[in-house]
Amino acid sequence: MANIQELNKKFVERFGESERTIHVFHAPGRVNLIGEHTDYNGGYVFPAALTFGTTLLIRKRDDKGLGLATTNFPKTNVLSVEKIVYDEADDWMNYPKGIVNEMHQQGITFSSGYDLLYHGEIPNGSGLSSSASIEVVTAFALLTLENQPVDTVKIALMSQKSENEFNGVKCGIMDQFAVANGKKDHAILLMCDTLEYDLVPFNSGSYKLVIGNTNKRRGLVDSAYNERRAQCEQAVQDLKAAHPELTLLGQLSLEQFNASKHLIKDEVVSKRAQHVVEEIDRVLKSMDALKANDLQAFGQLMNGSHDSLRDLYEVTGDELDAMVDAARKVPGVLGARMTGAGFGGCTVSLVHEDSVEQFKEQVGKEYNEKTGLNADFYVCSIGNGVEQLA
Ligand code: GLA
């Protein structure tokens, strides 16, 4: 957790002294344990909030300005809160701008302008949802300070919409939902079609979740991501011949899918759909495994998820595959997979606590030999969703 006193000093350096109170909020990053590329297909996901994310310091202004700064870069921008437009040169600032814009679209007006200083602890482009974390913390803080109702499900939807429309990334709901609704030591079983969810205690006993950052930037991710989405929509169109009411792949059981998959004309589209339907089934099986306290089975399902993302959905890439292969060779590892959109970013492994040091050393070494890149590892604890800090 960030040092708030230090951040207060930095806030004043950027935005000056004032009588007004500086409020502090935090939203985490997220890791997805299983259920990948299922959210925009109306299926299940099983993410958890991390203990690190984005800390936001925010203070009202005397005018209608919108001051934006981050401790990660030197630039400070003051825009007008009433005139928000996307500008590529504004880089990460387009996320808070997107939220302000979305709030305006939904008829939420502001009593004043604001200064905001962000302190991001999520490595950029690591696939641990730094953008969702920024969006959600911004919406939560502004609604709180404007004395508006603060509903974390609505905040997730608003954040997703702003990312889809203002930032042009057609992401599903998983990241924003996990960041907004996470709970310490719990993972979230979310049905993305209805947004019904269950907070499931994630009790991994003597096993740790270890995140491995490939430090391979997720290049081309947006276009490949949008292409996968389009392929899933194509599969739905073909399957309508047998299921006229079908709107999302997640509405079919594995049995129903297998009985009608011959209707999918394109072979690649068929592989994509197969992944989605089987992955949703794996999420449900992983719930049974957790209930039975069978971490071995949970780990096997994680492995199955990665292999399907590699062979059927084709979103892993050399770096993620190299890291996962190396991870599975370490004794005490029950399962290893990529997490998030893919094409770089992070892996997550279930590792016996006595093997964590060996894991870091062995996987780091083998990964470096294969890819020339240096990995980072975080032993992860599950934290809370967005909140105001005292
Ligand atoms: C990204 C998106 C999510 C989800 C995952 C893949 O993280 O933002 O909505 O689709 O990829 O599971």
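When a ligand or atom number is given, it counts from 1 through the structure's own listing order.
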* Asked: Is the gap between the ring centers of Phe110 and His104 under 6.0 Å?
  -> yes
Atoms of ligand 1 under 4.0 Å from any heavy atom of Gly340, numbered from 1 in the order shown, are 6 (C), 11 (O)
With heavy atoms and a 4.0 Å threshold, my read on which part of Arg228 contacts ligand 1 is neither
One finds that the ligand 1 atoms under 4.0 Å from a non-hydrogen atom of Gly172 are 9 (O)
May I ask you to check whether Thr38 has an N/O atom sitting below 3.5 Å from an N/O atom of ligand 1?
no
Here the atoms of ligand 1 under 4.0 Å from any heavy atom belonging to Tyr40 are 10 (O)
The atoms of ligand 1 lying under 4.0 Å from a heavy atom of Arg30, numbered in the order shown, are 7 (O)
Ligand 1 atoms nearer than 4.0 angstrom to some heavy atom of Asp39 are 3 (C), 4 (C), 9 (O), 10 (O)
Those residues at least two apart in sequence (or on a different chain) that pass side-chain contact (heavy atoms from CB on, under 4.5 Å) with Leu195 are Val153, Leu157, Ile173, Phe177, Leu190
A student comparing Gln176, Gln160, Met174 should find that the heavy atom closest to atom 5 (C) of ligand 1 comes from Met174
| request: For the pair Tyr40 and His37, name the ring-plane relationship: parallel under 30°, tilted 30 to 60°, perpendicular over 60°. | output: perpendicular
Looking only at side-chain N and O atoms, does Glu146 offer a donor or acceptor that is under 3.5 Å from a partner on Ser111? yes
Report yes if some heavy atom in the side chain of Asn101 is under 4.5 Å from a heavy atom in the side chain of Ser162; otherwise report no.
no
Applying salt bridge (Lys or Arg N to Asp or Glu O under 4.0 Å) to Glu165 and not counting sequence neighbours gives Lys161
